[in-house]
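Here the structure is laid out as structure tokens; the discussion comes afterwards.
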Amino acid sequence: MIYKILLAGVGIALSYTVARRLSDMQARSAVKVKTNERHTVKTARLRQDPKTGIYYPED
């Protein structure tokens with residue numbers, strides 16, 4: 001009877017430890033996110049003024 005209780009306690013402790021470690025590893029893993037910002041953000045081309053060397057939007 002005592003062996004069953006001890007074995008159940010060890011099993012619960014082991015499963016808790018494994019679940020916690022897997023949760024920590026998943027929280028540390030990098031997440032790749034796909035965004036469609038390329039289509040929504042309007043990028044302006046820049047042109048350099050030859051006299052001053054300053055870049056201005058090409059409108």
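Since this is a predicted model, take the numbers as computed values, not measurements. When a residue number appears, it is its place in the shown sequence, counting from 1.
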Donor-acceptor contacts under 3.5 Å from residues 15-26 side chains, at least two apart:
unit_1	atom_1	unit_2	atom_2	d
Ser15	OG	Gly11	O	3.2
Ser15	OG	Ile12	O	2.9
Thr17	OG1	Ala13	O	2.8

Inset, instruction - Please list, chain by chain and in numerical order, all residues satisfying side chain to side chain contact (heavy atoms under 4.5 Å, CB included) with Ile5, sequence neighbours excluded. - result: none

Legend entry - From Arg47 atom CZ to Glu58 atom CD, the distance as rounded to the nearest 0.5 Å: 4.0 Å

